[in-house]
Colleague: 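The structure that follows is given in the form of structure tokens.
Remember, it's a predicted structure, so these values are computed and weren't measured experimentally. A note on names: the letters A, B, ... follow the listed sequences, proteins ahead of strands, and every chain is numbered from 1. Side chains are part of it too, since the values below use all heavy atoms of this structure and drop only hydrogens, waters and symmetry mates.
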2 protein chains.
Amino acid sequence: MGDDRPEPDVGMLTGTFMRAVQDELFETLAEQGHPDVRPRHGSVLAFLDRDGTRATELSQRSGQHKQIIGTIVDELVQLAYVTREPDPRDRRAKLVVPTAHGLDEISRARAILAAIERRHEQAFGAEEYTSFKAALQRITRLQRQWRDHRGTQPRE
Amino acid sequence: MGDDRPEPDVGMLTGTFMRAVQDELFETLAEQGHPDVRPRHGSVLAFLDRDGTRATELSQRSGQHKQIIGTIVDELVQLAYVTREPDPRDRRAKLVVPTAHGLDEISRARAILAAIERRHEQAFGAEEYTSFKAALQRITRLQRQWRDHRGTQPRE
DNA sequence: CCGTGATAGTCAAGCTTCGTGACTAATTTG
DNA sequence: CAAATTAGTCACGAAGCTTGACTATCACGG
């Protein structure tokens, strides 16, 4: 399945970039003792506080439905990355708390992503990479509000 | 589902950007007479030549499995975006050929994406946006070859 | 104090997308 | 002309997400 043309548009381009980062992250994690974490688990692990976080809070931070967070936490409990603890302030709620294994995954994932960025920085030069990243953040913030600009651009 | 923190890493950041572009593209297409095209259809429509393209070729260009391309073409035939024509040079092969409706979708999609980029360009300034896009292409090309750099980065 | 409405988490069913392996027909190779 | 390749399809299953409904608990106003 090999050839792959230059990406036709910005959407596909960023999709390809994202997939490439994901591939490196999860294959490297697999080599470092975490072969069972998958991208979707990031919706929990990437947003987890050291002292535990509620599922609803994780849902809001990640933008995923509560239902999804529930099943992800099920899997992560199974894999011994987190535990469910009762929340002392609210008997309905449960805190999702990372285990030692979970904390290890989190710090390794951050290290791998930092290494990726460091590589890009070295290839680009520090200032050019920094401004690229700033532009990406700004453009993302801009694009997320596209509905506000609806009539702004006249059509054809 | 509301709050959404600042994206924790580059992977998620680009993912958010891609999703935002996709949302604008397909909602706008829906308003312009194409309510049934979905993102996956892009693997065919975005890579289609005006005079037709083989499924295998589409598979290589898009990076999707032949099986996937087959089902996408099934759907697009159903929706009258393309037809399957026999390939005169090879009786095994069929050419996927866009209909007038298909060509309309393709040109509208390109126009919408161009409008998005124009908006970003206006917000950023032409030169800064151009260099951003060039950096994104370069960094994507770089990241796709991450396996080559494996031992390069010593690990803590 | 109590009832009404909101909130936390879960259960269940269904849909979309993708991956994998096997198979037929036609072509290319030697 | 036999053997290996290639184009397209069929069948099955696994992930991931969406939606709606339901139980237990909390918060607020009367």
Colleague: Evaluate side chain to side chain contact (heavy atoms under 4.5 Å, CB included) for B/Asp49 paired with B/Arg61, printing each intermediate quantity in order.
Modeller: CA-CA 12 Å; B/Asp49 298 318; B/Arg61 291 183 189 174; 3.1 Å; yes

Colleague: Who pairs with A/Tyr81 by ring pair (Phe, Tyr, Trp, His ring centres under 6.0 Å), at least two apart in sequence or on another chain?
Modeller: A/His34, A/His101

Colleague: List the residues meeting salt bridge (Lys or Arg N to Asp or Glu O under 4.0 Å) with B/Lys94, not counting sequence neighbours, and say none if there are none.
Modeller: none

Colleague: Can you measure A/Leu95 atom CG to C/dA8 atom P for me and round it to whole angstrom units?
Modeller: 12 Å

Colleague: Quick one: side chain to side chain contact (heavy atoms under 4.5 Å, CB included) partners of A/Leu142, sequence neighbours excluded?
Modeller: A/His149, B/His120, B/Ala123

Colleague: In the hydrophobic clustering (ILVMFWY, side-chain contacts below 4.5 Å, transitive), which residues join B/Val97, or is it alone?
Modeller: B/Leu95

Colleague: Going 5' to 3' along DNA chain D, which are the first and last nucleotides with any atom under 4.0 Å from a heavy atom of chain B?
Modeller: D/dT6 to D/dA11

Colleague: Is it true that B/Arg119 and A/Gln143 share a donor-acceptor pair across their side chains at a distance under 3.5 Å?
Modeller: yes

Colleague: Under the side-chain hydrogen bond (donor to acceptor under 3.5 Å, both in side chains) test, which residues partner B/Glu85, sequence neighbours left out?
Modeller: B/Thr83

Colleague: Identify, with sequence neighbours excluded, every residue that meets side chain to side chain contact (heavy atoms under 4.5 Å, CB included) alongside A/Gln67.
Modeller: A/Thr71

Colleague: Quantified as the angle between the terminal helix axes (five pairs each), what is the overall bend of the helix from C/dC1-D/dG30 to C/dG30-D/dC1 to 10 degrees?
Modeller: 30°

Colleague: Excluding sequence neighbours, so at least two apart, what forms side-chain hydrogen bond (donor to acceptor under 3.5 Å, both in side chains) with B/Ser43?
Modeller: none

Colleague: How would nucleotides 18-30 of chain C be written as a contact map, 5' to 3', with B for base contact, S for sugar-phosphate-only contact and - for no contact, using protein heavy atoms under 4.0 Å?
Modeller: BSB----BBS---

Colleague: Take B/Glu105 and B/Gln32, measure what side chain to side chain contact (heavy atoms under 4.5 Å, CB included) needs, and give me the verdict at the end.
Modeller: CA-CA 9 Å; B/Glu105 194 276 352; B/Gln32 296 187 11; over 6 Å; no

Colleague: With sequence neighbours excluded, tell me which residues meet side chain to side chain contact (heavy atoms under 4.5 Å, CB included) with B/Asp36.
Modeller: B/Leu79

Colleague: Quick one: is the NZ or CZ of A/Arg138 closer than 6.0 Å to the six-membered ring centre of B/Phe124, and within 45° of its axis?
Modeller: yes

Colleague: Going by heavy atoms closer than 4.0 Å, what residues in residues 80-88 of chain A are next to DNA chain C?
Modeller: A/Arg84

